[in-house]
Amino acid sequence: TQTTRPQRMLAAVQKNATRGDPRSVVKAIDQFCRQKEWAMNVGDEKGCILDSVVTEVNPATVLELGTYCGYSTVRIASLLPSNAKLITLEFNPDYAAIARQVIAWAGLEDKVQLVEGASGDWIPKMKEKFGIETFDLVFLDHWKDRYLPDTKLMEECGLLRKGSILLADNVICPGTPDYLEYIRNSPRYKSQYFKSHLEYTKVEDGLEKSVFLG
Ligand SMILES: Nc1ncnc2c1ncn2CCOCCNC(=O)c1cc(-c2ccc(F)cc2)cc(O)c1O
Ligand SMILES: [Mg+2]
């Protein structure tokens, strides 16, 4: 029977990457997506911007919305201090099953909690279920029409503190116009656009980094 693209991506990781070596996992996925099949990972170009933001923030608590196959999960978790926690939410159980194996191959399962479900359902439960007060960094990479409602939900649930950083993928392609309009005009955020390209292509895309001002 036919395999899925995430299954073929995992096979490429298990074939070409070294167990316990996150950089080799990232490299294997990027090579698979450049040479074999495009896939919606944040990719190597935007991934470097992600790395620089994670390093600058040095977060103790991270929320990732939209795990897919775990590519950005591995990039982020590999840069976290030992006591830091990364919670990643994935809606699609098939993606989640692959992501768990990719994260395990990278040896990062102790830093990552992968939760299956919709962001809108889980955000209100973060405090009670995971003992989270606030998130130092949120990486938004899920349904593009959920960025705005979920940001408002995080505000309402008190999950953001003065200085919390939101980093949003795909603000140009596929695009998140309502989110951009809100975050760039709200007096409660200070935003910065990092121009880049849609993963593995020459199409313009970028990341929007926003600081919550409280
Ligand atoms: N926990 C949750 N709660 C709610 N929803 C959730 C969820 N977890 C997952 N989902 C569902 C959505 O997950 C995938 C979202 N990502 C994308 O759709 C995406 C698409 C492109 C793309 C595609 C085709 C093109 F031609 C050009 C660009 C590029 C990207 O970089 C993308 O990130
Ligand atoms: Mg994306």
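Order of listing sets the numbers, starting from 1, for every ligand and every atom in it.
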Same apolar cluster: [X] and [Y], side chain cutoff 4.5 Å:
X: L89; Y: I132; result: yes
X: Y147; Y: V211; result: no
X: W38; Y: I98; result: yes
X: V138; Y: I123; result: yes
X: I103; Y: L80; result: yes

Residue-level breakdown please: for [X] versus ligand 1, do any non-hydrogen atoms fall below 4.0 Å on the side chain, on the backbone, on both, or on neither?
X: L198; answer: side chain
X: K144; answer: side chain
X: N170; answer: side chain
X: D169; answer: side chain

Exercise. Is R161 salt-bridged to D136, going by a charged N under 4.0 Å from an acidic O?
Worked result: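 Yes, R161 and D136 are salt-bridged.
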For this session: Using a strict cut-off of less than 4.0 Å between a Lys/Arg side-chain nitrogen and an Asp/Glu carboxylate oxygen, indicate whether D141 and K144 qualify as a salt bridge.
Result: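 Here D141 pairs with K144 in a salt bridge, since their nearest N and O are under 4.0 Å apart.
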So is [X] close enough to ligand 1, meaning a heavy atom under 4.0 angstrom away?
X: D141; result: yes
X: G117; result: yes
X: W143; result: yes

Under 4.0 Å from a heavy atom of [X]: which atoms of ligand 1 are those, numbered in the order shown and with their elements?
X: G66; value: 8 (N)
X: A118; value: 3 (N)
X: L89; value: 1 (N), 8 (N)
X: E199; value: 29 (C), 30 (C), 31 (O)

Exercise. Less than 3.5 Å between some nitrogen or oxygen of N41 and one of ligand 1, yes or no?
Worked result: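 Looking only at distances, the answer is no, because the N/O contact criterion of under 3.5 Å is not met.
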For this session: Using distance alone, decide if ligand 1 has a nitrogen or oxygen within less than 3.5 Å of any nitrogen or oxygen in S119.
Result: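 It does: an N or O of S119 is found under 3.5 Å from an N or O of ligand 1.
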Should [X] and [Y] count as side-chain neighbours, where that means a heavy-atom distance under 4.5 Å?
X: E133; Y: K127; answer: yes
X: Y71; Y: D30; answer: yes
X: T151; Y: L140; answer: yes
X: L153; Y: P124; answer: yes

Exercise. Under 3.5 Å, side chain of D205 to main-chain N/O of I172, donor-acceptor pair present?
Worked result: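 Yes.
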Exercise. Looking at the Mg ion (ligand 2), is one of the N, O or S atoms of D141 less than 2.8 Å from it?
Worked result: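 Of the N, O and S atoms in D141, at least one lies under 2.8 Å from the Mg ion (ligand 2), which means yes.
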Exercise. For the Mg ion (ligand 2), does an N/O/S atom of Y68 lie at less than 2.8 Å?
Worked result: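 No, Y68 does not qualify, because none of its backbone or side-chain N, O or S atoms lies under 2.8 Å.
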Problem set entry | atom 26 (F) of ligand 1 protein-contacted, heavy-atom criterion under 4.0 angstrom |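 It does not: no protein heavy atom is found less than 4.0 Å away from atom 26 (F) of ligand 1.
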Problem set entry | Shortest heavy-atom approach to atom 7 (C) of ligand 1 - which of W122, F91, W38, Y68 |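 Looking at heavy atoms only, F91 sits closest to atom 7 (C) of ligand 1.
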Exercise. Among E64, E90, K46, which one has a heavy atom closest to atom 9 (C) of ligand 1?
Worked result: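 Ranked by closest heavy atom to atom 9 (C) of ligand 1, first place is E90.
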Problem set entry | Residue and atom name of the nearest protein heavy atom (relative to atom 14 (C) of ligand 1), distance in Å to one decimal |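 Nearest protein contact, heavy atoms only, for atom 14 (C) of ligand 1 is M40 CE, 3.7 Å.
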For this session: Measuring from the Mg ion (ligand 2), name the closest N, O or S atom belonging to D169.
Result: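 Answer by atom name: OD2.
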